[in-house]
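First the structure, in the form of structure tokens, and then the observations on it.
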Amino acid sequence: MSSSVVAVPRRSVLSDDIYVLIRKMIFNYEILPGAKVNIDALAKQLEVSQTPVREALSRLESDGLIVKEPLKGFRATDLLTIQELDNLFKFRLLIEPYSASEAAKRIDETGRRALKSEIQSAKNAIKISGDEQVEALTEHDARFHSLIASMSGNSVVAESFERTHCHLNLFRLYIASQRRLISGESRGVLVDKLFKQYYSSESGQVAIKEHEDIATAIIAGNLKLAQKSMYAHIESSLKRFYPAANALYLVDSTK
């Protein structure tokens with residue numbers, strides 16, 4: 001028996017694990033944007049049957065990372081364009097400050113505990129290194145904004161926000177652009193640079209601090225401050241993401 005460690009799941013592994021692995025392949029740029037996903041080849045690569053792969057792809061389709069085309073099968077979704085990125089943030093600027101304000105109006109003890117727990121998860125995530133940090137911070141970001149949307153009490157707003165899959169697509173865009181720009185560096189250095197740029201500045205962890213400010217305002221029931229803090233956070237996020245998006249499409253335009 002070989003003593004080497006095989007970093008792929010065995011047939012007994014649940015489809016949840018296959019979903020996580022394929023999602024990581026999309027985020028890590030191992031499955032390229034727009035690329036066709038061959039179910040049989042992917043099943044062989046992961047050493048599982050086609051069934052958990054199909055189940056995982058269906059879940060990833062609901063995440064907005066995979067699309068199923070009639071008579072063609074599955075493919076990875078394309079990266080956001082500059083216009084789509086701009087439209088996404090304009091949409092968020094319309095609904096998320098409102099959500100924060102409504103959450104502050106409706107806040108109860110359960111909501112306070114949930115927000116405090118989520119802020120703590122961000123502080124724990126920033127201490128992680130490498131690929132696990134990418135996943136942990138992405139998931140915190142998505143959970144935090146989804147939580148506030150749901151706390152607004154407006155199901156239409158919450159569902160509309162969920163359908164954008166904004167955080168999954170934003171991190172995928174950013175990682176893709178960084179791979180193009182500093183392709184000679186190791187993935188460890190790349191991830192480190194990514195999060196130093198997005199989550200940190202000379203004064204500390206920007207996005208997490210902004211999340212903490214929003215949570216504090218909501219917990220205090222301060223409607224105006226919650227709305228203002230969320231608006232400022234989304235504008236700040238756009239400023240951090242936009243240069244990477246511009247750089248990516250400038251590289252594409254030279255080909």
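Just so it is clear, the structure is predicted and the values come from calculations on it, not from any experiment.
- Looking only at atom types and distance, the side chain of Ser237 has no donor-acceptor partner in the side chain of Arg92 under 3.5 Å away.
- How far CD1 of Ile18 is from CG of Leu46: 5.5 Å, rounded to the nearest 0.5 Å.
- Residues in residues 109-121 take part in these salt bridge (charged side-chain N to carboxylate O under 4.0 Å, His left out) pairs, two or more places apart or across chains: Glu109-Arg112, Glu118-Arg143.
- Expressed to the nearest 0.5 Å, how far CG of Leu57 lies from CD1 of Ile39 amounts to 5.5 Å.
- Applying the under-4.5 Å side-chain rule to Ile, Leu, Val, Met, Phe, Trp and Tyr, the cluster around Phe161 extends to Phe91, Leu94, Ile95, Tyr98, Val157.
- A donor-acceptor pair under 3.5 Å links the side-chain atoms of Asn169 to the main chain of His165, judged by distance alone.
- Linking ILVMFWY residues whenever their side-chain heavy atoms come closer than 4.5 Å, directly or via other members, places Ile219 and Met230 in the same cluster.
- When ring centroids are compared, His145 and His233 come within the 6.0 Å threshold.
- Salt bridge status for Lys105 with Glu102: present, with a side-chain N to carboxylate O gap under 4.0 Å.
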Would you sort out whether Leu65 and Ile22 count as a side-chain contact (heavy atoms from CB on, under 4.5 Å), showing the intermediate values?
CA-CA 10 Å; Leu65 296 175; Ile22 298 175; over 6 Å; no
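- Counting heavy atoms from C-beta outward, Glu96 and Ile234 have side chains that approach closer than 4.5 Å.
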Applying side chain to side chain donor-acceptor pair (under 3.5 Å), run through His211 and Asp141 and close with a yes or a no.
CA-CA 9 Å; His211 282 185; Asp141 226 354; 3.1 Å; yes
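- Formation of a donor-acceptor pair under 3.5 Å by the Ser152 side chain with backbone atoms of Ala149 is found in this model.
- Grouping the Ile, Leu, Val, Met, Phe, Trp and Tyr side chains by contacts below 4.5 angstrom, directly or via other members, places Leu225 apart from Phe144.
- Looking at Ile208 and Ile119, their side chains never come closer than 4.5 Å, going by heavy atoms from C-beta outward.
- Judged by distance alone, the side chains of Ser229 and Glu210 never bring a donor and an acceptor atom under 3.5 Å apart.
- Here the CD1 atom belonging to Ile82 is positioned 10.0 Å from the CD atom belonging to Glu84, to the nearest 0.5 angstrom.
- Between atom CE of residue Met25 and atom CG of residue Leu32 there is a gap of 10.5 Å, rounded to the nearest 0.5 Å.
- Side chain of Asp108 to backbone of Thr110: a donor-acceptor contact under 3.5 angstrom is found.
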Walk me through it: do Asn222 and Thr216 pass the test side-chain contact (heavy atoms from CB on, under 4.5 Å)?
CA-CA 9 Å; Asn222 191 326; Thr216 298; over 6 Å; no
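- Residues Asp78 and Gly34 share a closest heavy-atom pair of OD1-CA, 3.4 Å.
- Taking both residues in full, the closest heavy atoms of Ala125 and Leu137 are given as CB-CD2, 3.6 Å, listed atom of the first, atom of the second, then distance.
- No side-chain heavy atom of Glu139 sits less than 4.5 Å from a side-chain heavy atom of His167.
- By the rule that hydrophobic residues join a cluster once side-chain heavy atoms approach within less than 4.5 Å of another member, Ile214 and Leu223 end up as members of separate clusters.
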Could you go step by step and tell me if Arg163 and Ser160 meet the side-chain contact (heavy atoms from CB on, under 4.5 Å) rule?
CA-CA 5 Å; Arg163 283 198 297 270; Ser160 297; 3.6 Å; yes
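- Expressed to the nearest 0.5 Å, how far CG of Leu115 lies from CD1 of Ile218 amounts to 5.5 Å.
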Apply the test side-chain contact (heavy atoms from CB on, under 4.5 Å) to residues Phe74 and Val53: give CA-CA distance (whole Å), side-chain angles for both, the deciding distance (0.1 Å), then the verdict.
CA-CA 11 Å; Phe74 293 98; Val53 173; over 6 Å; no
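- Shortest non-hydrogen contact noted between Ser121 and His140 is OG-ND1, 3.6 Å.
- Minimum interatomic distance between Ser101 and Gln227 (heavy atoms only, all atoms of both residues): CB-CB, 4.1 Å.
- With sequence neighbours left out, the side-chain hydrogen bond (donor to acceptor under 3.5 Å, both in side chains) criterion links Lys24 to no other residue.
- Rounded to the nearest 0.5 angstrom, Thr81 OG1 and Asp86 CG are separated by 9.5 Å.
- Residues in residues 217-232 take part in no salt bridge (charged side-chain N to carboxylate O under 4.0 Å, His left out) pair, two or more places apart or across chains.
- Criterion: ILVMFWY side-chain heavy atoms under 4.5 Å apart, direct or through other members. Under it, Val67 and Leu79 are not part of a common hydrophobic cluster.
- Within the structure, the salt bridge (charged side-chain N to carboxylate O under 4.0 Å, His left out) test picks out the following pairs touching residues 56-67 (sequence neighbours left out): Asp16-Arg59.
- Judged by distance alone, with hydrogens and angles left aside, the side-chain atoms of Gln45 form no donor-acceptor pair with the main-chain N or O of Leu42 at under 3.5 Å.
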Derivation of the side chain to side chain donor-acceptor pair (under 3.5 Å) call for Ser15 and Glu55
CA-CA 7 Å; Ser15 60; Glu55 292 172 351; 3.2 Å; yes
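- Shown here are the salt bridge (Lys or Arg N to Asp or Glu O under 4.0 Å) partners of Asp40, two or more places apart in sequence or in another chain: Lys44.
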